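A, B, ... follow the sequence lines: proteins, then strands. Residue 1 opens every chain. The figures here come from the full heavy-atom set of this structure, side chains too, leaving out hydrogens, waters and symmetry mates. This structure is a prediction, so every number in the text was calculated from the model and none was measured.
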Amino acid sequence: MVALTFPDGARREYQDGISGLDIAKGISPSLAKRTVAMAIDGDVRDLSEEIRSGGKIEFLNREDPRALELIRHDCAHVLAEAVQALWPGTQVTIGPVIDNGFYYDFFRNEPFTLDDLPVIEKKMREIIARDKPFTCEVWSRDEAKRVFRDKGELFKVELVDAIPADQQIKIYKQGDWFDLCRGPHMTSTGKVGNAFKLMKVAGAYWRGDSNREMLSRIYGTAFAKQEDLDAYLKQMEEAEKRDHRKLGREMDLFHFQEEGPGVVFWHAKGWTIFQELIAYMRRRLKGTYQEVNAPQLLDKSLWETSGHWGWFRENMFMARSAGEATDDDRVFAIKPMNCPGHIQIFKHGLKSYRELPMRLAEFGLVHRYEPSGALHGLMRVRGFTQDDAHVFCTDEQMASECLRINDLILSTYADFGFEEVVVKLSTRPDKRVGTDAMWDRAEAIMTKVLGDISTRSGGRIKTGINPGEGAFYGPKFEYILRDAIGRDWQCGTTQVDFNLPERFGAFYIDHDGSKQPPVMIHRAICGSMERFLGVLIEHFAGHFPLWLSPVQAVVATITSDADEYAKEMTAAALRAGLRVESDLRNEKINYKVREHSHAKVPVLLVVGRKEAAERTVSIRRLGKEGQQVMPLEAALAMLADEAVPPDVRRLRQAA
RNA sequence: GCUGCCGUAGCUCAGUGGUAGAGCACUCCCUUGGUAAGGGAGAGGUCGACAGUUCAAUCCUGUCCGGCAGCACCA
């Protein structure tokens, strides 16, 4: 007998091996009908599974949040059946659930096109309408391999071989079609419902290995209800509207062109935001960090010493004299990182333990030859500015320095409106330098710091571990922030490095006069300023807060009678420290309002005959209807105050 | 880098084996209008680059460059 506890607290005994479905039927036929799966002690399982041990049982219906994964997984199976029905000979591989949907990878000589998707969807609806039950069978390895080999499903044979010996080979059938699958599934294909959509097609490597076959992947998504699907599609549209590449063009912030793949042409407005960002960071560093600047171009030998030439040569730009007849054939590399330069600065002159921690910061422009397929607007470029810093400290100072950096990073994000941040510790990768003892020590300290970060935030900051994701020279923290529409971006990073100081022979003189290697901590807050600005554009959807806005206000006239007053007002606003432009064009005010609204100018200062006579201004805010009429001086004082950056305001309030 | 798709005016996009079109933007003229498009005229293109097929290529084929989506990569 097995003892089961129900969600209402009731406890009943059943015969060993009874299925969830039988239990549900015994309670009520309607429960059995609407139940798609069960959970035993929170573990989701097939409803038809035989129950061998007691515990807490729950019946899941389609609306249960835990059923969403099942709906998507089942939908992937339906997709696979549909594809094989339409194009016999196509091999199936894997079809997992991912964030926001699922995909299925197929092997086929002809790749799918977008035009195939509606055809496949139609076939899927037929399969769903047939409502065949999902049934699970356990096969022997040999049988599974034989059946799949006979069917020509060679990828499946490989998958069977990859399943660990202690795991069963489970086959899920839906009518005549079946697939190797870990499960669980719902009771039948009909439970998938019709709130699904195939989204796109793409190539993907078999088992994620770029040396293996390229498969044809179909992405889709599914929800319990049509409203949920519609809401999701709407959210996709919203993300598209915020695309920084589109907004960058529309707002005249930057552009890219063919001659400079992956490098940004910053226009005046974009560069204004960029500089405002850097000015903010500089203020935040003041008093703690020393800002330095290391050369752009350094002899290859330096990069050999640092190890970059060995590890990342494929991704570096090389430079040499372009002259034909020069006898100087030295090879230089354009810096891909700032650290070797900072180490040279640290090494210049003897350093005492009294000078540590020494914190060198640089807004360093680095270049990396990124694979062409990786380039993506400002988010992934070949030339970018890191808000980089290297802290040289003693072993004992390491933990407190990490925490100090953590405070800086979190408070910076908060100033841009990012409150939800996750910190992850990335541990030793396979490809690495340094002894295991070094890694053990570094990881132990970082793990402790990670715990401190969580407790100091009162649990607000979530933490996690990324096993094997560390840099080749040391473990790191990654700071992941969540934007206004719920997307996650990894920006900041703190990396401990026991390797580089040693490679360069950097040392400080300790109390006892001995030479000691410093610990080096690499840290970045925005990461790449270019990318961070891209994130900000999407986060704010182009509606920057006043202090960051490239054009904070436009003075727009209603009639040319107000031109003189408008010029006077523009001059006064500039004196008040505002970034302001004037629009005296011979256009109607409707037209001007529309145009500046599209350009996302936060404040419109509208003046007509009346305002000129009364020395007032009609203020219209971006995205809002209606206006506020104020005396000129009061309006400018209000805006100047509103344009104070958050950190400056904080300092003023503290004073 | 790999797979697929794409490249026509500043932007968004039509279009055709006989060397091009719209809307917006731009310039000029009329209009001085009170909070998201007033009217008219004009100018603007080696149809991504280079080869090939053809009497003829922006269109068909190939190569390259660039972009988009995904994969792989990301010190």
Side-chain angles (χ1 to χ4, degrees), chain A residues 103 105 110-115 199-219 243 245-246 249-250 252 255-262 303 306-316 335-340 366 368-377 379-382 386 429 431-433 469-474 476 490 493 495 497 499-500 522 527-528 531 556-563 584-598 604-611 618-627 629:
Chain A
Y103 65 79
D105 284 347
E110 281 284 290
F112 298 103
T113 71
L114 282 175
D115 299 333
M199 308 294 290
K200 54 195 169 195
V201 294
Y205 297 110
W206 169 234
R207 312 198 109 191
D209 183 343
S210 54
N211 297 313
R212 300 286 312 258
E213 295 87 338
M214 177 64 76
L215 306 173
S216 201
R217 174 174 296 180
I218 297 178
Y219 283 93
D243 190 315
R245 295 166 297 187
K246 182 172 170 287
R249 199 165 41 232
E250 287 172 5
D252 194 20
H255 84 269
F256 291 91
Q257 66 186 49
E258 290 204 10
E259 292 82 352
W303 304 103
S306 73
H308 290 98
W309 199 257
W311 292 92
F312 291 103
R313 186 174 171 182
E314 300 305 311
N315 299 299
M316 285 168 68
K335 69 175 176 182
M337 293 207 81
N338 302 301
C339 20
V366 297
R368 298 176 180 183
Y369 185 78
E370 301 285 0
S372 58
L375 301 179
H376 181 92
M379 302 303 188
R380 189 84 179 264
V381 286
R382 287 183 174 157
Q386 286 182 318
K431 191 179 160 187
R432 62 175 183 265
V433 297
E469 299 281 313
F472 73 89
Y473 50 70
K476 62 183 181 188
Q490 196 250 300
T493 178
Q495 312 183 354
D497 188 342
N499 171 57
L500 219 48
H522 309 244
S528 146
R531 179 166 175 275
T557 50
I558 292 170
T559 129
S560 53
D561 291 342
D563 283 3
L584 311 184
R585 289 176 304 170
N586 175 13
E587 294 292 351
K588 291 196 171 177
I589 192 61
N590 284 312
Y591 182 91
K592 293 185 184 181
V593 166
R594 180 183 151 85
E595 194 173 75
H596 299 302
S597 298
H598 278 154
L604 284 187
L605 301 174
V606 178
V607 290
R609 213 170 272 146
K610 201 166 122 212
E611 288 78 8
S618 167
I619 303 175
R620 182 184 167 117
R621 302 279 181 158
L622 176 60
K624 294 206 177 71
E625 284 179 26
Q627 48 276 166
V629 179

At under 4.0 Å between heavy atoms, which parts of nucleotides 7-15 of chain B does protein reach? Answer with one letter per nucleotide, 5' to 3': B base, S sugar-phosphate only, - none. B---SS---
Using a heavy-atom cut-off of under 4.0 Å over every strand shown, decide if A/Tyr103 touches base, sugar-phosphate, or nothing. nothing
Would you indicate what A/Pro111 reaches in the nucleic acid, counting non-hydrogen atoms under 4.0 angstrom: base, sugar-phosphate, or nothing? sugar-phosphate
Please report the distance separating the C1' of B/A20 from the corresponding atom of B/U8, rounded so that it comes out in whole Å. 8 Å
Paired runs of 3 or more consecutive Watson-Crick or G-U pairs involving RNA chain B, with both pairing distances under 3.5 Å, are B:1-7 with B:65-71, B:10-13 with B:21-24, B:26-30 with B:38-42, B:48-52 with B:60-64
Pairwise C1' distance for B/U19 and B/C24, with rounding to whole Å: 26 Å
Taking only N and O in the side chain of A/Asn590, is any of them less than 4.0 Å away from OP1 or OP2 of B/U35? no
For A/Ser306, which contact category applies under a 4.0 Å heavy-atom criterion: base, sugar-phosphate, or nothing? nothing
Would you indicate what A/Tyr473 reaches in the nucleic acid, counting non-hydrogen atoms under 4.0 angstrom: base, sugar-phosphate, or nothing? sugar-phosphate
Does the side-chain ring of A/Tyr591 lie flat on the base of B/A37, meaning centres under 5.5 Å and planes less than 30 degrees apart? no
Is the shortest side-chain N/O distance from A/Arg207 to OP1 or OP2 of B/C71 below 4.0 Å? no
Going from OG1 on A/Thr557 to NZ on A/Lys592, what distance comes out if it is rounded to the nearest 0.5 angstrom? 3.0 Å
I want to check one thing: is the phosphate of B/C73, taken as OP1 and OP2, less than 4.0 Å away from some side-chain N or O of A/Arg382? no
Think A/Ser210 has a side-chain N or O under 4.0 angstrom from the OP1 or OP2 of B/G1? no
A/Lys431 near the nucleic acid: base, sugar-phosphate alone, or nothing, with a heavy-atom cut-off under 4.0 Å? nothing
Looking only at atom C1', what distance separates B/C47 and B/A9, rounded to whole Å? 10 Å
When you compare B/A57 with B/U53, how far apart are their P atoms, in angstrom units rounded to a whole number? 11 Å
Using a heavy-atom cut-off of under 4.0 Å over every strand shown, decide if A/Gly373 touches base, sugar-phosphate, or nothing. base
Examine the base of B/G70 for any acceptor or donor lying under 3.5 Å from a partner atom in the side chain of A/Tyr205, and report the outcome as yes or no. no
Please measure how far the P atom in B/C55 lies from the corresponding atom in B/C50, and state the result in whole Å. 22 Å
Nearest-angstrom distance, P atom, B/A25 to B/U16: 28 Å
May I ask you to say what A/Asn315 touches in the nucleic acid, namely base, sugar-phosphate or nothing, with a heavy-atom cut-off under 4.0 Å? base
So A/His522, base contact, sugar-phosphate only, or nothing? Heavy-atom distance under 4.0 Å. nothing
Integer angstrom distance from the C1' of B/G1 to that of B/C64: 16 Å
